[in-house]
Trainee: 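My questions all concern the structure below.
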Amino acid sequence: MRAIWLREFGGPEVLVPGPAPDPVPGPGQVLIDVAHANITFVETQLRSGRPGPFRVTPPLIPGNGVGGVISAVGSSVDPALVGQRVVSATGGSGGYAERAAVDASAPIVVPAGLALDAAVALLADGRTATTLIEAVGVRAGDRVLVEAAAGGVGSLLVQLAARAGARVVGAAGGRRKVDLLPGLGAEVAVDYLVPGWAEQVRATVGGVDVVLDGVGGPVAQAAFDLLSPGGRMVSFGLASGEWSPVSAEAATARQVTVIRPDVPPARLRAYTEQALADAAAGRLRPLIGQRFPLERAADAHAAIEARATVGKTLLDAG
């Protein structure tokens, strides 16, 4: 099969296409013919050798999320699963390929009426966005600031917060990204690369009640300073290259709650299923900003690291 190999840590150029043995589903596994592979920012960090949620040792095929059709099953697995459209995590590797063998309990069936690429775009980001919205308890009338609002997670957060009745302020880097935000449900859209953006937010909505921080660094600090007493803040990304600098002591002094969601695996799966169901019903729309053929995985990683992407980036393997 065609696959992408990571044989050493480094820049995007270390992702090299090449042949790989076809995986065979073992006992308790299923084989997925992959149509699309999900790319996350975490995977760019793993590729470079930085610490992440998975320990990887080259050589390997990277990629932790795929969507496709189950084409075979191993022993002790119901053969009726063959032919189902599914999305699935892969356990940290093996996703950038034409086929992937995964534990039979891992795949999630894609609802009828939902395109497979949209489902893959929601596999990680839909779960994350749903988790964050519930963790901070967004309520009708809340003033909610979403950073990195044109990204894969951020674009979903804008929609979910607006659906909950919040007044959404979307912050993104660059005019191209900012112009997308009103169409997602943002009442106010600002460019955090422009000096004075936080003052613009304060002048427009008078501070915020919730910060969903996807940027970190100075942007996160400026967003924190906009929070009113009793506000809530949660960090989900570091588009700036560093996590939020807000300390527990600073949050306590400002009467702000910094939330760090701790969700059991079973609940995370339920959040994914909820996001897929919402998308199938037309209540949630993943923003697929760009897609690359499998062989151009290196270009996809380079675009993400250059902050040249909007929404979700997919690899098309099928």
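Note: hydrogens, waters and symmetry copies are ignored here, and every other heavy atom, side chains too, is used.
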Trainee: Side chain of Glu98, backbone of Ala3: donor and acceptor closer than 3.5 Å?
Mentor: no

Trainee: Can you get from Val169 to Val219 by hopping between Ile, Leu, Val, Met, Phe, Trp and Tyr side chains that sit under 4.5 Å apart?
Mentor: yes

Trainee: For residues Ala101 and Val24, report the shortest heavy-atom separation together with the two atoms involved.
Mentor: CB-O, 4.4 Å

Trainee: Do any N or O atoms from the side chain of Arg85 and from the backbone of Ala115 form a donor-acceptor pair under 3.5 angstrom?
Mentor: no

Trainee: Looking at Thr90 and Ser93, would you say the former's side chain and the latter's main chain have a donor-acceptor pair under 3.5 Å?
Mentor: yes

Trainee: Heavy atoms, side chains only, cut-off 4.5 Å: are Asp142 and Val136 in contact?
Mentor: no

Trainee: Hey, any chance Leu114 and Val66 share a hydrophobic cluster, counting ILVMFWY side chains that come within less than 4.5 Å of each other, even indirectly?
Mentor: no

Trainee: Taking 4.0 angstrom as the limit, do Lys177 and Asp191 come out as a salt bridge?
Mentor: no

Trainee: Determine whether Val14 and Phe9 satisfy the following criterion, side-chain contact (heavy atoms from CB on, under 4.5 Å), listing intermediate values before the conclusion.
Mentor: CA-CA 7 Å; Val14 300; Phe9 295 123; over 6 Å; no

Trainee: Is there a donor-acceptor pair under 3.5 Å between the side chain of Arg47 and the backbone N or O of Gly11?
Mentor: yes

Trainee: Restricting to non-hydrogen atoms, name the atom on Ala171 and the atom on Leu181 that form the minimum distance, rounded to 0.1 Å.
Mentor: N-CD1, 4.0 Å

Trainee: With the side chain counted from C-beta on, respond yes when Thr272 and Leu268 share a heavy-atom pair under 4.5 Å apart, and no when they do not.
Mentor: no

Trainee: Kindly indicate whether the side chain of Pro25, heavy atoms from C-beta on, has any atom under 4.5 Å from the side chain of Val73.
Mentor: no

Trainee: Are Leu284 and Leu156 side-chain neighbours, meaning at least one heavy-atom pair lies under 4.5 Å?
Mentor: yes

Trainee: Find out whether Ile61 and Trp5 are in side-chain contact, i.e. whether some heavy atom of one side chain is under 4.5 Å from a heavy atom of the other.
Mentor: yes

Trainee: Are any non-hydrogen side-chain atoms of Ile4 and Leu294 less than 4.5 angstrom apart?
Mentor: yes

Trainee: Would you check if the side chain of Ser155 reaches a backbone N or O of Leu184 as a donor-acceptor pair within less than 3.5 Å?
Mentor: no

Trainee: Within the structure provided, determine whether Arg232 and Asp209 are in side-chain contact (heavy-atom separation under 4.5 Å).
Mentor: yes

Trainee: Give me the atom names and distance for the closest heavy-atom approach of Ala129 to Leu157.
Mentor: O-CD2, 3.5 Å

Trainee: Mark yes or no for whether Thr130, through its side chain, and Arg127, through its backbone, hold a donor-acceptor pair below 3.5 Å.
Mentor: no

Trainee: Between the side chains of Ser71 and Arg99, does any donor sit under 3.5 Å from an acceptor?
Mentor: no

Trainee: Working to the nearest 0.5 angstrom, can you tell me the gap between Ser240 OG and Gln221 CD?
Mentor: 12.0 Å

Trainee: Taking all non-hydrogen atoms of both residues into account, name the closest pair between Pro12 and His301 and its distance.
Mentor: CB-CB, 4.1 Å

Trainee: Taking C-beta and beyond as the side chain, do Glu43 and Ile304 meet within less than 4.5 Å on heavy atoms?
Mentor: no

Trainee: If I compare all heavy atoms of Ala148 with all of Val215, which pair ends up nearest, and what's the gap?
Mentor: N-CG2, 3.7 Å

Trainee: Have a look at Arg291 and tell me which of Asp117, Thr313, Leu315 forms a side chain to side chain contact (heavy atoms under 4.5 Å, CB included) with it.
Mentor: Asp117

Trainee: Using the rule that Ile, Leu, Val, Met, Phe, Trp and Tyr join whenever any side-chain heavy atoms are under 4.5 Å apart, tell me whether Leu160 and Leu122 fall into a single cluster.
Mentor: yes

Trainee: Kindly give the heavy-atom pair with the smallest separation between Ala280 and Pro111, and that separation in Å.
Mentor: CB-CB, 3.8 Å

Trainee: Around Asp78, counting heavy atoms of other residues, nucleotides and ligands shown, do more than 12 lie under 6.0 Å from its CG?
Mentor: yes

